[in-house]
S.K.: 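My structure is below; once you've seen it, I'll send some questions.
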Amino acid sequence: MTDRTPQQEPMNRLRALLGAAWDLEMVRSLMQWDQATYMPDGGAAARGRQLALIGRLAHEHSTDAEIGKVLDALEPVVAKLPYDSDDASLVRVTRRLYDRATRVPAAFVAEMLEHFSVSYQAWVVARPANDFATLRPMLERTVELSRRYAEFFPGFANVADPLIEQFDEGMTVATIRPLFAALRANLVPLAAAITSRPMPDRGILNHPAPAEDQLAFGLEVIRRFGYDFERGRQDLTHHPFMTKFSLGDVRITTRTRENDLVDALFSTMHEAGHAMYEQGIRPDFEATPLANGTSSGVHESQSRTWENLVGRSRPFWEHFYPRFQKAFPVMAGVPLDDFYRAINRVRRSLIRIESDEVTYNLHVMIRFDLEVELLEGKLKVKDLPDAWHARYQSDLGLRAPDDRDGVLQDVHWYSGPVGGVFQGYTLGNILGAQFFNAAVRARPAIPKEIAAGRFDTLHAWLREQVYQHGAKFTADELVRRVAGEPMSIAPYLDYLWGKYAPLYGLREDERAPVVAV
C-alpha cells in the first residue's frame with residue numbers, strides 16, 4: 001500500500017498509529033470470544049472490568065491527536081490520487097472513523113463495555129430461566145447508555161440514527177422505514193399465500209444425532225465453500241457468531257440441537273459466510289480500518305448468501321443429499337423432494353433465527369420498530385414484553401408463551417447497544433440477492449457448479465468483487481460497483497418468488513406488485 005511517493009513517510013506513520021489501536025481491539029475481541037465460549041461463569045465480573053480497560057485503551061489510541069495531525073497532512077496529498085486508490089481510501093475511511101470516535105469520551109466507552117459484559121452474562125442465565133425481571137434494570141441502563149451515545153452526535157433527525165450510522169453508513173430511520181414498508185407490502189401477501197397451502201412435514205428432520213456428527217458434516221460443507229481452517233476454527237456458544245483477531249485468525253461459533261439434523265449446519269454455513277468475507281480481505285490491509293467489512297448489511301449479505309442462496313438451494317442438495325443420508329442414516333428413505341421442501345418450509349414462527357426466508361424480515365422489522373420506540377422514549381422497558389407480544393400477534397398472528405421465546409430470545413440488546421444492529425439483517429438479504437445475481441450474470445456456470453459440489457467460481461468472484469476491498473467503499477458505492485445499480489428490493493423479491501412459487505404452487509395473480517421505494 002505504500003510505494004515511494006510523497007505520502008510514504010506520513011502514511012507509514014499513520015499505519016503505525018492505527019496498528020496500536022487495532023491490536024487492542026483484537027485483544028478485546030479475543031476476550032469477548034472467550035467469554036462467549038470457554039470462560040467460567042465466575043469470571044464475568046472481572047471480565048467486565050478487563051473489557052472496560054482494554055476498550056478504553058483502544059479508544060484512546062484510536063483518538064490520538066497525532067492521528068488527526070497526520071490526516072491533516074495527508075489529505076491534500078491524497079486528494080490528487082484516484083478516489084479508489086489504497087492510500088486515498090485509507091485516509092478517507094480513517095478520517096470518517098476518527099471524527100466519529102473523537103466525539104465519544106474514552107471513559108464512556110469503558111462504561112458501556114463493562115455494562116455490556118455483565119449484561120451478557122446475566123442474559124446467559126436469565127433466558128433459560130424466563131427471567132426478564134432480572135434483566136429489566138440492565139436493559140433500562142442499556143437504553144440510557146444508547147441514548148447518551150447518540151447525544152454525542154447532534155444534528156440527526158432521530159435519536160436512533162447515530163447508532164444505525166455506526167453499523168450501516170448512510171442509513172437512517174428515515175431511509176430504512178420506507179424500504180421496510182415496501183418490503184413488507186410484498187412479504188405479507190407472499191407469506192399469506194404460501195401458508196394457505198398444505199405445509200411440508202419438517203418433522204422428518206427432528207431426529208436425535210450426536211453433536212459430533214452434526215458438526216462434522218457442517219465442517220465438511222464449509223471446507224468445500226472455501227472457509228480456510230488454517231486461519232480459522234469453530235467452537236460452541238449460546239448464540240452463534242463470527243469474530244476476528246487478525247486476518248489470519250477469523251473464527252466462527254455454532255450450537256447444536258439434539259433433535260434437529262440441520263440447525264447446526266445452517267448456523268455453520270451462516271457464520272462461515274461472515275468469516276470468508278473477512279478472510280478474503282487483502283492481507284496488506286491488516287491493522288488498518290480497511291481490514292473490516294464495509295457495513296453490517298454487506299456483511300450479512302455474505303452470511304445469507306452462503307446459508308440461503310447456496311445452502312438452501314436445490315442444486316446444492318442435489319450434490320450433498322446423498323452424503324447427508326450417509327452421515328444420518330435415519331434419512332435414507334426420505335426422498336430429496338421431501339427433504340428440500342422441509343428445509344424450505346414457510347410458516348409463521350416465534351424465533352427469528354429459526355424462521356424461514358419469507359417471514360424472517362418480519363421478525364427484523366418488529367425488532368427495529370421496538371428499539372426505535374425505546375430510544376425515542378415512546379416505549380418503556382417495563383412495557384417491552386407486552387409490546388413484543390402485541391406486535392407478534394398483529395404481524396405474525398402468534399403469541400410467545402413466555403419471555404424466553406419473546407423479548408429474551410435475541411442476545412443483541414443484552415450484549416451491546418439498543419439500536420443500529422437489526423436493520424443490517426434485512427439489508428443483507430436484499431444485497432445478497434443483488435450480489436448473487438451479479439455473480440451469475442458474470443459467471444453463468446455457477447448454478448451448475450453448485451450442483452456438482454464446486455464453489456470455487458462463486459467464492460473467487462465474491463473475493464474479487466466484494467471481499468478483497470474490505471472497507472474501502474461504502475455499501476452504496478460497493479453495490480453500484482458490483483451490481484451496476486443502487487440497492488433495490490426487486491432482485492430479492494424475484495428470488496423469493498422464483499423459489500417459493502413452484503414449491504407451493506402459487507399463481508402469478510397471487511404475487512403483489514413490487515412497490516418502488
Side-chain angles (χ1 to χ4, degrees), residues 13-14 16-32 35 44-72 75 91-121 137-169 172-173 287-289 292 295-296 371-372 374-377 381 412-421 471:
R13 175 61 176 156
L14 179 63
L17 290 166
L18 295 173
W22 167 275
D23 287 341
L24 285 164
E25 285 291 347
M26 296 303 102
V27 171
R28 181 164 72 88
S29 295
L30 176 59
M31 294 169 70
Q32 290 172 323
Q35 181 177 11
R47 183 54 49 89
R49 296 194 306 272
Q50 294 158 359
L51 285 168
L53 173 61
I54 294 297
R56 178 177 60 78
L57 291 173
H59 189 77
E60 289 173 350
H61 277 276
S62 66
T63 56
D64 187 338
E66 183 65 18
I67 293 177
K69 294 177 183 177
V70 177
L71 289 172
D72 290 342
E75 282 170 339
V91 171
R92 181 178 65 253
V93 172
T94 301
R95 170 60 78 182
R96 185 171 68 234
L97 297 176
Y98 179 78
D99 287 349
R100 181 183 299 159
T102 51
R103 291 172 175 257
V104 185
F108 178 77
V109 171
E111 182 183 357
M112 279 200 309
L113 291 174
E114 182 169 7
H115 170 70
F116 294 156
S117 175
V118 174
S119 177
Y120 168 78
Q121 206 64 32
M138 293 188 179
L139 185 54
E140 287 172 339
R141 186 165 180 229
T142 297
V143 172
E144 185 239 332
L145 287 169
S146 302
R147 287 177 183 152
R148 285 172 56 193
Y149 175 85
E151 288 171 359
F152 294 119
F153 301 88
F156 280 93
N158 190 286
V159 64
D161 289 347
L163 294 143
I164 295 169
E165 178 91 356
Q166 183 181 9
F167 294 97
D168 286 292
E169 185 82 24
T172 65
V173 171
T288 77
N292 292 297
S295 72
S296 173
E371 64 186 8
V372 171
L374 284 168
L375 290 169
E376 291 174 336
V381 171
H412 304 70
W413 292 340
Y414 308 100
S415 62
V418 168
V421 174

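Here the structure is a predicted model, which means the values were calculated and not measured.
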S.K.: Partners of Arg95 by salt bridge (charged side-chain N to carboxylate O under 4.0 Å, His left out), sequence neighbours excluded?
M.R.: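 Applying salt bridge (charged side-chain N to carboxylate O under 4.0 Å, His left out) to Arg95 gives Asp72, Glu75, Asp99.
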S.K.: As an exercise, state the distance from CZ of Arg13 to CD1 of Ile67, rounded to the nearest 0.5 Å.
M.R.: 9.0 Å
S.K.: For the backbone of His115 and the side chain of Ser119, can you confirm whether one donor and one acceptor N or O come within less than 3.5 Å of each other?
M.R.: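 It does not hold such a pair.
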S.K.: Is the shortest side-chain heavy-atom distance between Gln166 and Tyr149 below 4.5 Å?
M.R.: yes
S.K.: Give the ring-plane orientation class for Phe156 versus Phe153, where under 30° counts as parallel, over 60° as perpendicular and anything between as tilted.
M.R.: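 Correct class here is perpendicular.
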S.K.: With a 3.5 Å distance limit and no angle check, can you tell me whether Glu371 reaches the backbone of Gly419 through a side-chain donor-acceptor pair?
M.R.: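 Confirmed, Glu371 side chain pairs with Gly419 backbone.
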S.K.: Could you check whether Arg100 pairs with Glu169 (Lys NZ or Arg NE/NH1/NH2 to Asp/Glu carboxylate O, under 4.0 Å)?
M.R.: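 Salt bridge between Arg100 and Glu169, a charged N being under 4.0 Å from a carboxylate O: yes.
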S.K.: Are Arg147 and Glu151 close enough for a salt bridge, meaning some N to O gap below 4.0 Å?
M.R.: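 Answer for the salt bridge query: no.
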S.K.: At what distance, to the nearest 0.5 angstrom, does CD of Gln121 lie from CD of Gln35?
M.R.: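 With rounding to 0.5 Å, CD (Gln121) is 5.0 Å from CD (Gln35).
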S.K.: With a 4.5 Å limit on heavy-atom distance, are the side chains of Leu53 and Leu113 in contact?
M.R.: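 Leu53 vs Leu113: side chains apart.
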S.K.: Quick one: which residue pairs count as a side-chain hydrogen bond (donor to acceptor under 3.5 Å, both in side chains) with a foot in residues 17-27, not counting sequence neighbours?
M.R.: Trp22-Glu286, Glu25-Arg28
S.K.: Would you list the atom pairs, donor with acceptor, under 3.5 Å between side chains in residues 104-111 and any protein atom, with sequence neighbours excluded?
M.R.:
unit_1	atom_1	unit_2	atom_2	d
Glu111	OE1	Arg148	NH2	3.2
Glu111	OE2	Arg141	NH2	2.9
Glu111	OE2	Arg148	NH1	3.1

S.K.: Walk me through it: do Thr172 and Asn158 pass the test side chain to side chain contact (heavy atoms under 4.5 Å, CB included)?
M.R.: CA-CA 8 Å; Thr172 65; Asn158 190 286; over 6 Å; no
